[in-house]
Enquirer: 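This is the structure, below, for whatever I ask next.
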Amino acid sequence: MSEDKLQGASASQTYKRLFAFTRKYLLAFVVAIFANLVYAVIDGVFIEAMAPLIDEGLFKKDSSFLIIAPVFVITLVAVRSIASFVSGYLMGWVGQNVVADLRQKVFAKYMQLPASYFDTHVSGDMVSKLTFNAEKVAITATNAITVIVRESGFLIYVLISMLMKSVFLTLLYLISLPLIAIVVRAATVRFKDASSSMQDAMGDITNISSEAISGYRTVKVHNGQQQISSIFNGAVRQFRNKFMKLVATKNASSPLVQFFAATGLSVVLYFSLSEVQSGKLTAGTFTAMVFFMMAILRPLKQLTSINSQIQSGLIAAKSLFDVLDLENEKDEGTKMLENFKGYIRLKNVSLQFPSRSEKAIDNFSFTCQPGQIIAIVGSSGSGKSTLLNVMMSLYQPSSGTIYYDDIPLKEISLTSLRENIALVSQHVTLFNDSIKNNLTFGLTREVDDNEIINALEKAHALEFVNRLPLGVDTRVGDGQSTLSGGQRQRLAIARAILRDSPLLFLDEATSALDSESEEKIQAGLEEVMVNKTTFVVAHRLSTIRHADIIIVMDEGRLIEQGSHDELISKQGAYARLYELQFGKKNN
Ligand SMILES: Nc1ncnc2c1ncn2[C@@H]1O[C@H](COP(=O)(O)OP(=O)(O)OP(=O)(O)O)[C@@H](O)[C@H]1O
Ligand SMILES: [Mg+2]
């Protein structure tokens with residue numbers, strides 16, 4: 001990705017979109033900017049006041065200054081403090097609101113993206129956009145705006161004041177500025193490069209560590225601690241080097257700018273001193289001028305260093321906007337699948353993953369009647385899970401059509417389709433929440449405790465859930481993976497039972513269970529399967545035998561179908577599979 005430079009149209013577009021996010025908080029934003037301007041002006045007024053203080057108060061010994069000066073200082077400092085608080089607080093408020101909006105929008109977008117996006121993107125990267133990048137946008141935006149308004153406000157005030165005091169001296173001083181501009185430009189270019197490659201390096205750190213942490217078992221058991229640590233160390237070193245490049249640029253540019261400015265200052269000092277000595281300038285005005293000249297260095301320094309911050313903030317913002325611009329999962333269907341009977345037809349369905357040369361589903365045609373149980377068998381990688389994914393519309397078929405109750409899948413709204421589906425997938429996902437909330441996840445209807453107990457009972461999960469410290473209120477999930485694979489599967493089955501939808505997909509739903517538990521669940525599942533069209537991917541004979549139709553898949557193709565007895569007497573692929581898997585055990 002060429003994200004290192006955000007210039008021209010792309011940069012101004014990003015600015016505009018970012019600004020659009022502040023529109024909701026416009027009042028606070030405007031007040032904050034105003035407060036910053038007040039702050040800047042007061043800073044200028046302080047220096048400005050040097051002239052009368054010295055000329056009138058010190059040299060002419062005007063006694064009213066004894067009162068005016070302290071009151072003046074106290075009042076201005078009080079106003080400045082209030083302005084500082086108001087601007088800091090409001091900018092922080094606007095910034096955090098914008099981040100919250102961005103985070104919510106990007107997360108909602110993630111939830112809308114097609115499955116193919118998740119296949120091709122690392123979860124660590126996606127998460128770090130929500131955390132690291134979003135925060136960066138806020139910090140940058142608040143800092144940048146504060147600095148720009150405050151410092152350029154101050155700069156303008158100072159320049160006008162200086163010009164009014166002495167055009168000659170001011171212009172003389174300003175001659176040194178182009179020198180500074182050259183240095184600033186050089187630094188900015190380097191900074192942009194360094195900042196974006198630093199973000200990539202941070203992505204590596206996140207990915208490697210989150211993989212190693214969630215996969216800690218694999219790491220430990222394979223004795224891979226050293227190997228993964230050295231990969232991680234490499235990423236950390238990369239990040240450090242890139243960060244140091246950034247630090248070097250940042251720290252070299254400010255002193256350089258100051259040096260050039262100071263050189264200019266000393267030239268001006270020479271001329272202005274001679275103007276004082278020849279009586280053209282009062283001592284007070286001279287002092288104010290010198291203070292102004294020195295004071296200019298701060299805004300210059302801040303304004304030059306802010307540019308790098310803005311760049312990295314813009315890059316972070318753009319990476320979020322790029323996500324927001326992605327296309328959603330296709331959901332063009334408008335038809336509702338109401339009172340779905342369970343009549344399903346697949347006609348010449350093929351699916352080709354862009355990353356693969358072979359089709360994962362190859363010209364697959366198949367029909368089933370409502371209430372039937374369809375078992376899918378086939379070797380690993382033959383396309384069983386993919387077939388279910390296509391039927392759930394997680395992937396769009398490259399060609400062919402799927403009909404639900406004679407309505408083409410494309411014409412059915414996704415929400416309506418999925419309301420009709422309960423899934424127990426090959427990889428059970430439990431969220432970091434109570435068992436109860438996991439079981440009712442996604443349900444729109446109210447569920448009472450009895451129903452939950454009932455479902456747990458059917459899934460043979462009640463016994464172990466009751467033994468957990470808080471029963472159904474016990475938290476489960478990835479962070480607290482104390483449940484066994486079989487227990488997790490039983491919870492997933494209970495979840496599917498609660499969903500009570502006309503179409504049931506079970507992908508190796510009982511693979512992690514021993515034969516005895518499986519047999520017990522089988523009874524519960526059979527009760528659930530009544531009046532439901534069920535697709536089961538299974539290896540166990542007990543499950544397959546009950547099926548009305550057995551589909552045998554090989555390399556994405558349907559190579560055989562029929563009942564157990566039909567297929568056995570056919571002596572084909574199923575018979576061979578059966579012989580291999582169950583032959584010896586059952587003879
Ligand atoms: N998202 C994807 N992107 C690219 N290829 C994929 C994707 N999902 C699956 N595949 C490939 O499609 C083929 C079928 O995979 P699938 O998961 O459907 O097999 P399966 O029959 O369910 O196997 P198993 O019994 O091991 O679960 C495999 O070659 C797999 O590598
Ligand atoms: Mg599978």
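Atoms within a ligand are numbered from 1 in the order they appear, just like the ligands themselves.
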Enquirer: What is the minimum heavy-atom distance between R356 and Q352, and which atoms define it?
Expert: O-NE2, 2.8 Å
Enquirer: Do R557 and F364 come close enough that some side-chain heavy atom pair is under 4.5 Å?
Expert: no
Enquirer: How far does NZ of K129 sit from CG of L320, to the nearest 0.5 angstrom?
Expert: 7.5 Å
Enquirer: Around ligand 1, what residues show up once you keep those with a heavy atom under 4.0 Å from it?
Expert: D119, F353, S355, R356, A360, S379, S380, G381, S382, G383, K384, S385, T386, Y395, Q426
Enquirer: Over 60° means perpendicular and under 30° means parallel, so tell me whether Y574 and Y578 are parallel, tilted or perpendicular.
Expert: parallel
Enquirer: Identify every side-chain donor-acceptor pair in residues 451-465 under 3.5 Å, counting partners at least two apart or on other chains, and give the distances.
Expert:
| unit_1 | atom_1 | unit_2 | atom_2 | d |
| --- | --- | --- | --- | --- |
| E451 | OE2 | R445 | NH1 | 2.7 |
| E451 | OE2 | R445 | NH2 | 3.3 |
| K458 | NZ | E527 | OE2 | 3.4 |

Enquirer: Centroid-to-centroid, Y343 to Y404, below 6.0 Å?
Expert: no
Enquirer: Look at D200 together with K242 and state whether they make a salt bridge at an N to O cut-off of under 4.0 Å.
Expert: no
Enquirer: Closer than 2.8 Å to the Mg ion (ligand 2), what protein N/O/S atoms do you find?
Expert: S385 OG, Q426 OE1
Enquirer: So, using side chain to side chain donor-acceptor pair (under 3.5 Å) as the criterion, who are the partners of R103 when residues are at least two apart?
Expert: E135
Enquirer: Does the pair S312 and K136 meet the rule for a side chain to side chain contact (heavy atoms under 4.5 Å, CB included), with working shown?
Expert: CA-CA 8 Å; S312 62; K136 181 146 224 175; 3.5 Å; yes
